[in-house]
Engineer: 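The structure under discussion is supplied below as structure tokens; questions concerning it will follow.
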Amino acid sequence: MPRSGLAPLLLAAGALCGALAVSASAGAEAADERWWGPGEQRVWPEVLDYANAGGVLRTLLTDGPVQTAGHPFFEPLGTNGRACISCHQPADAMSLSVETVQERWRVTGGRDPIFAAIDGSNCPTLPQGEAASHSMLLNHGVFRIERPWPVTHFNGQPVTPDFEIEVVRDPHGCNSGAEYGPHNGRISVYRRPRPVANMKYLIAAGFAYDPKQGLTLPRDPDDGSYLAGNLMSDNRTVNLRLQMEDAARSHMQLMGELSPDAIARIRDFELRLFTAQQAGPGAVQLDSLGALGGPGTLRDSQPGALGSIGVPVFSEFTAWETIAPEEAARLSPQELEWRRSVARGARLFRERTFLISDSAGINSPIGFGNPVRNTCVFCHNMTRMGNDVAPGQVDLGTTTLPFADPMPDFPLFRITCKGAPHPHYGRVILTHDPGFALTTGRCADVGKITLQSLRGLSARAPYFANGSARTLRDVIDYYDRRYNIGYTEQERQDLINLMGAL
């Protein structure tokens, strides 16, 4: 079949697969039970399957089922009715998709706790019953994140920033006025919820030092282990305990403190969860014909390995490069070509080089060169997961001009460096989200965002920390435009198919 005719067939196959019933190992789940609400009397099984546009997502829970009643991950802990599960849904790869958000608005008339004024609306000062007041969450899947100004370290110590911040545009009123904005000690940015599965990979430190900064890794304040730095978009909380406490306080409006028992039970649950796409279009199993896709491989593999010196990143699909003729004869032309496309996409991801330029965390400060010729796995380098073995704060330009897409409904800040200018933007920077700089107080960190893990992507659109890429094609198109890669249409489709299979 000509490759140019493949895309419509893949879409048709995806639509067929998307019509599959939601299921769990304990029995079929009705479609209206995709949503797991706080305080429900349900049992979380060892296997959960949910259909999506790319096929079927599977979530595995090791060491037996969990009764959600009374479990702190599933019970409302604060004053607004939310639980951890509210923003970390299994059908959405333990994140929250725009599709789910919009469905919750339709079903509940905007009364679901995810729309709580504190951060589920564009600003608490807006009329909360109107969809327009929640447009950031409904359209981009982003919650309002309030950061202190001046910067405060995770241990509570103040940080003296080496830059000034001014508000250029404030479309929702949460960066200006009598209560909000830098002059009132409160800066609002808008970010996607990160998945809370495959956690052993996110907390695994591959090195004892940070190759991006040339410094020894910081130590965990609780157990002294090296910190991977891959939990939060801006690395404002450095371990699971601090992340839980931050979420309980800022997202669930917990008035007291999380108990040690609650922290231990949430940690235990999160570390037992593994999620990834299990089937592609037409129910193609991602762990068939020698491939090692799906969450079972994540469950059974060791975290923290650098793909360039061990198992290559996303080599799970290498077997599909050379499917035996007798096996190929049993497949439909569409199935066979889709498998081959995924395998080509994985090889492209590892081997297609391009010039990476003006990206802090890569081209500076340690000096890999500017530009440096490398591939996608230069940053997405951890075997099996595709997140960063090193602390992953990198500026790809997704939130900072001139590289960021136009986002008129996001705030716009002017950063002025008081000391040395930014190595790539100069002394004055325009950004929708200063990112890691709101944690470190350093001008050189403006725009840096912790790299995403790349599993379960089909289930959790949109993409990038600010939700600016609505589809996987938008992700590929952004990188192609940002680094002048020059992908062909077939290469784009191969990469989209790979990402959809993760």
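From a predicted model like this one, the values you see are computed outputs, not experimental measurements. Side chains are part of it too, since the values below use all heavy atoms of this structure and drop only hydrogens, waters and symmetry mates. All residue numbers in this chain count up from 1 along the given sequence.
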Engineer: Counting N and O atoms only, with roles assigned by atom type, does the side chain of R265 sit under 3.5 Å from a partner on the main chain of P72, one being a donor and the other an acceptor?
Structural biologist: no

Engineer: First locate atom CG of N230, then atom CD of Q452, and finally report the distance between them rounded to the nearest 0.5 Å.
Structural biologist: 10.0 Å

Engineer: Can you name the residues that form a side chain to side chain donor-acceptor pair (under 3.5 Å) with R104, not counting sequence neighbours?
Structural biologist: D112

Engineer: Do the rings of H172 and Y190 sit parallel, tilted or perpendicular, given the 30° and 60° boundaries?
Structural biologist: perpendicular

Engineer: Starting from the C-alpha separation in whole Å, work towards a yes-or-no answer on side chain to side chain contact (heavy atoms under 4.5 Å, CB included) for T399 and F410.
Structural biologist: CA-CA 10 Å; T399 66; F410 279 71; over 6 Å; no

Engineer: What distance separates L77 CG from M252 CE, expressed to the nearest 0.5 Å?
Structural biologist: 5.0 Å

Engineer: Would you check if the side chain of N175 reaches a backbone N or O of S188 as a donor-acceptor pair within less than 3.5 Å?
Structural biologist: yes

Engineer: For the residue pair F317 and W320, categorise the inter-ring angle as parallel (less than 30°), tilted (30 to 60°) or perpendicular (more than 60°).
Structural biologist: tilted

Engineer: Do R272 and M199 touch side chain to side chain, with heavy atoms closer than 4.5 Å?
Structural biologist: no

Engineer: Begin from the C-alpha positions of S97 and T100 and carry the test side chain to side chain donor-acceptor pair (under 3.5 Å) through to its verdict.
Structural biologist: CA-CA 5 Å; S97 70; T100 294; 3.1 Å; yes

Engineer: Taking all non-hydrogen atoms of both residues, which atom of C87 and which atom of P193 are closest, and how far apart?
Structural biologist: O-CB, 4.0 Å

Engineer: Please report the interatomic distance CD(Q278) to CG(L48), rounded to the nearest 0.5 Å.
Structural biologist: 13.0 Å

Engineer: Can you tell me if E321 has over 12 outside heavy atoms packed within less than 6.0 Å of its CD?
Structural biologist: yes

Engineer: Say whether, by atom type as modelled, one donor and one acceptor occur between the side chain of K200 and the main chain of F274 under 3.5 angstrom.
Structural biologist: no

Engineer: I'd like to know whether the aromatic ring centres of F74 and F269 sit less than 6.0 Å apart in this structure.
Structural biologist: yes

Engineer: Tell me, do P281 and V284 make a side-chain contact under 4.5 Å, heavy atoms counted?
Structural biologist: no

Engineer: Can you list everything that forms a side-chain contact (heavy atoms from CB on, under 4.5 Å) with P127? Sequence neighbours excluded, please.
Structural biologist: E130, S133

Engineer: Can you see whether N466 engages D433 through a side-chain donor-acceptor pair at a distance of less than 3.5 angstrom?
Structural biologist: no

Engineer: Taking only residues two or more places apart in sequence or in another chain, which ones pass disulfide (SG to SG under 2.5 Å) with C174?
Structural biologist: C123

Engineer: Give me the ring orientation class for Y478 and F464: parallel if the planes are under 30° apart, tilted from 30 to 60°, perpendicular past 60°.
Structural biologist: perpendicular

Engineer: Quick one: are W105 and V101 in side-chain contact, heavy atoms under 4.5 Å?
Structural biologist: no

Engineer: Just checking, R219 and Y226: is the charged tip under 6.0 Å from the six-membered ring centre and within 45° of the axis?
Structural biologist: yes

Engineer: For the CD atom on Q302, are there more than 12 heavy atoms of other groups (residues, nucleotides or ligands in this structure) within a distance under 6.0 Å?
Structural biologist: no

Engineer: Can you list the steps and then say if S233 with R191 is a side chain to side chain donor-acceptor pair (under 3.5 Å)?
Structural biologist: CA-CA 8 Å; S233 291; R191 298 174 184 161; 5.2 Å; no

Engineer: Quick one, D445 with T440, criterion side chain to side chain donor-acceptor pair (under 3.5 Å). Give me CA distance, side-chain angles, the key distance, then yes/no.
Structural biologist: CA-CA 7 Å; D445 292 330; T440 66; 2.7 Å; yes

Engineer: Using the salt bridge (Lys or Arg N to Asp or Glu O under 4.0 Å) rule, take D49 and R58 through it: C-alpha gap first, then chi angles, then the decisive distance, then the call.
Structural biologist: CA-CA 5 Å; D49 284 352; R58 174 165 293 173; 2.7 Å; yes

Engineer: Would you call L96 and F143 a side-chain contact if the rule is heavy atoms closer than 4.5 Å?
Structural biologist: yes

Engineer: For side chain to side chain donor-acceptor pair (under 3.5 Å), just list the numbers for S468 and D405, CA-CA rounded to whole Å, side-chain angles, deciding distance to a tenth of an Å, and then say yes or no.
Structural biologist: CA-CA 7 Å; S468 59; D405 290 332; 4.7 Å; no

Engineer: Looking at D92 and R34, is any side-chain nitrogen of the basic one under 4.0 Å from a carboxylate oxygen of the acidic one?
Structural biologist: no

Engineer: Would you name the heavy atoms of A459 and L57 that are closest together and state the gap between them?
Structural biologist: CB-CD2, 4.0 Å

Engineer: When you look at Q128 and H134, which way does the side chain to side chain contact (heavy atoms under 4.5 Å, CB included) test go after all the steps?
Structural biologist: CA-CA 8 Å; Q128 294 303 304; H134 304 268; 3.4 Å; yes

Engineer: Closest heavy-atom contact between T450 and D234?
Structural biologist: OG1-N, 4.2 Å

Engineer: Step by step, work out the side chain to side chain contact (heavy atoms under 4.5 Å, CB included) result for D119 and R82.
Structural biologist: CA-CA 12 Å; D119 62 355; R82 285 182 183 165; 2.7 Å; yes

Engineer: Given side chains that start at C-beta, do those of I85 and W44 come closer than 4.5 Å, heavy atoms only?
Structural biologist: yes

Engineer: With a 4.5 Å limit on heavy-atom distance, are the side chains of T375 and H380 in contact?
Structural biologist: no

Engineer: Is there a donor-acceptor contact under 3.5 Å linking the side chains of S225 and D223?
Structural biologist: yes

Engineer: Would you indicate whether the side-chain heavy atoms of F73 and L273 approach each other to under 4.5 Å?
Structural biologist: no

Engineer: Does any N or O in the side chain of N198 come within less than 3.5 Å of the main-chain N or O of T275, such that one atom is a donor and the other an acceptor?
Structural biologist: yes

Engineer: Is N381 reaching over with its side chain to a backbone N or O of L306, donor-acceptor style, under 3.5 angstrom?
Structural biologist: no

Engineer: For V313, is there any backbone N or O sitting under 3.5 Å from a side-chain donor or acceptor partner on R350?
Structural biologist: yes

Engineer: Determine the minimum heavy-atom distance between S315 and P312, stating which atoms define it.
Structural biologist: OG-O, 2.8 Å

Engineer: Backbone N or O of G37 within a donor-acceptor pair of the E40 side chain at under 3.5 Å?
Structural biologist: yes

Engineer: For E99, I'd like to know if atom CD has over 12 heavy atoms of other residues, nucleotides or ligands within 6.0 Å.
Structural biologist: no

Engineer: For E316 and R455: C-alpha separation, side-chain torsions, deciding distance, then whether salt bridge (Lys or Arg N to Asp or Glu O under 4.0 Å) applies.
Structural biologist: CA-CA 13 Å; E316 286 90 332; R455 288 296 186 160; 3.0 Å; yes

Engineer: Passes salt bridge (Lys or Arg N to Asp or Glu O under 4.0 Å), E337 versus R340? Steps please.
Structural biologist: CA-CA 5 Å; E337 177 55 22; R340 288 172 171 168; 5.0 Å; no

Engineer: Using only atom types and a distance under 3.5 Å, with no angle test, would you say the side chain of Q393 pairs donor to acceptor with the backbone of G229?
Structural biologist: yes

Engineer: Considering residues, nucleotides and ligands other than R267, do more than 12 of their heavy atoms fall under 6.0 Å from its CZ?
Structural biologist: no

Engineer: Check whether D395 reaches the backbone of G397 with its side chain - one donor and one acceptor, N or O, closer than 3.5 Å.
Structural biologist: yes

Engineer: Would you say the side chain of I118 lies within less than 4.5 Å of the side chain of E146, judging by non-hydrogen atoms?
Structural biologist: no

Engineer: Counting distance only, does the side-chain N/O of S453 pair as donor-acceptor with the main-chain N or O of N387 below 3.5 Å?
Structural biologist: no

Engineer: So, for I263 and R241, which heavy atoms are closest and what is the spacing to 0.1 Å?
Structural biologist: CD1-CG, 3.8 Å

Engineer: For R470 and H140, what are the C-alpha separation, side-chain angles and deciding distance, and is it a side chain to side chain contact (heavy atoms under 4.5 Å, CB included)?
Structural biologist: CA-CA 8 Å; R470 294 183 179 274; H140 302 284; 4.1 Å; yes

Engineer: Measure the CZ-CG distance between F115 and L137 for me, rounded to the nearest 0.5 Å.
Structural biologist: 5.5 Å

Engineer: Can you name the nearest heavy-atom pair linking P124 to Y180, along with the distance?
Structural biologist: CG-OH, 3.5 Å

